[in-house]
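Working notes, beginning with the structure itself.
Source: prediction; values computed, not measured. Sequence lines set the chain letters: A, B, ... in the order given, protein chains first and strands last, and positions in each chain run from 1.
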Number of protein chains: 2
Amino acid sequence: MQPLSESQEDYLKSIFQLSENSTRLVSAMELADRMDVKPASVTSMLKKLAKLSLIDYTPYQGVALTPSGKLVALEVLRHHRLIELFLTEFLDFGWEEVHEQAEKLEHVISEELEARMAEKLGHPTHDPHGDPIPTVDLELPESPLLANLLRTAENHTGVIKRVTSQDRDFLNLLNRLELNIGVELRVISQERGGVRIQTATDQFLIPVDMASKIWMEAE
Amino acid sequence: MQPLSESQEDYLKSIFQLSENSTRLVSAMELADRMDVKPASVTSMLKKLAKLSLIDYTPYQGVALTPSGKLVALEVLRHHRLIELFLTEFLDFGWEEVHEQAEKLEHVISEELEARMAEKLGHPTHDPHGDPIPTVDLELPESPLLANLLRTAENHTGVIKRVTSQDRDFLNLLNRLELNIGVELRVISQERGGVRIQTATDQFLIPVDMASKIWMEAE
DNA sequence: ATAAATATTTAGACAAGCCTAAAAATATGC
DNA sequence: GCATATTTTTAGGCTTGTCTAAATATTTAT
């Protein structure tokens, strides 16, 4: 198999992530939005990826990864997440800074460099945002079942396990609130405006759209 | 100034390196050879770089960097050499492995990542091959005067300070001969076939084309 | 069920960076 | 100094990945 372009890798990665939590097909619009590209561009790339048997593409219906397309996506994701963790662990970057760097680096690191980073990091299973890192065999590691903060029972105490956003401003906000991966908090109440929580030092009402990005270990 | 493409950066870096040890202009052929591209492609890129005021280009004569073109070249070179050193120091790569990785990474690391690597490395002045690393102000550090092994006096004892080749096979050969940066050797004799040297453990006749890549601190 | 709205695809264009082939300029050898 | 060889440029073409505008398909709402 010939090497894929960075753009092709990005499309496959996006298709994977858009379909990760469902079995439905991914639409052209979704891809266009996420990749910040016009729908017409998506269509033309989808035709190419289909010709390479990396996706199953039904015009007007949507797209799904084939097994080999999924492997490519997982490989890129492994690079991305190892890089993010490496940058935080060895170069003192904050979790809010590493996504942008990783977006570029993920396409240019060799398998050898991937392997060395994994080794130095002790073959980690999760990146600084709590996202699972595909194994060297390109399987997603078993993650404990997580529950969204919006669905965490009142009075339950738990630990933040994952934050599903790469938005710098949002992550910066969480930094200032000391709401990082591993932090323990208690849900005081679920309210129409969001989730009222108690941390070691403070009480906050976390607005719905913020809370929806925060995941706790399931009870 | 808008961001340059990887290709443009590569051209500027090559022009810099081809003209580093002389004041003469760089020819299109030289560039085509070094960049593994046809001369016609060089011409068309030179026109673009000239329009951006990154080079002074006289058709049929050759090309030289302008001050701003030189800054770009030094920036890329700084990235390249910091990356090489980082890979050897922190990820256990050999000096023969790092050039290829750095060729790709040099174009995609942020200024922030450059700064963190420099800091972790203690603001180094030379890379694993003994090549000088441009400072953060984009000036080449003062290097002690070096003498080519071919021009090192018989019976002189000195230390290998620089190897001006990135060829994997050549560097691998030097590894097996234990002829690395910092190794002390004595020149037994300059011969028509090369340089006969004495290391801690062995005697070798280093062929001319190998010796010409090896540099010793000047006497 | 059909009209209106939305999503998708097609058609055609463009920029970058490469190519080949041919023309033009420069350099070399006798 | 002229003929030949070499180098460089021009002209035109190709691929990748994007775009806009228009055509077509699908979905939604009445």
Under 4.0 Å, heavy atoms only, any strand: does [X] hit a base, just the sugar-phosphate, or nothing?
X: Val42(A); result: nothing
X: Ser27(A); result: sugar-phosphate
X: Ala40(A); result: base
X: Pro59(A); result: sugar-phosphate

According to a strict under-4.0 Å criterion, is [X] in side-chain N/O contact with OP1 or OP2 of [N]?
X: Lys47(A); N: dT10(C); answer: yes
X: Ser41(B); N: dC18(C); answer: no
X: Tyr11(A); N: dT16(D); answer: no
X: Ser7(B); N: dA16(C); answer: no

Heavy-atom donor-acceptor pair, Glu106(B) side chain to Leu77(B) backbone, under 3.5 Å: no
Looking at Tyr11(A), is its backbone amide N or carbonyl O close enough to the side chain of Ser14(A) to form a donor-acceptor pair, meaning the two atoms are under 3.5 Å apart? no
Would you mind telling me which of [options] lies closest to the side-chain atoms of [X]?
X: Met29(A); options: dA16(C), dC19(C), dT8(C); answer: dT8(C)
X: Lys38(B); options: dT9(C), dT26(C), dT20(C); answer: dT20(C)
X: Gln8(A); options: dT9(D), dG17(D), dC19(C); answer: dG17(D)

Would you confirm whether the ring centroid of His99(A) sits within less than 6.0 angstrom of the ring centroid of His80(A)? yes
From the list Leu145(A), Thr164(A), Ile160(A), side chain to side chain contact (heavy atoms under 4.5 Å, CB included) with Trp215(A) holds only for Thr164(A)
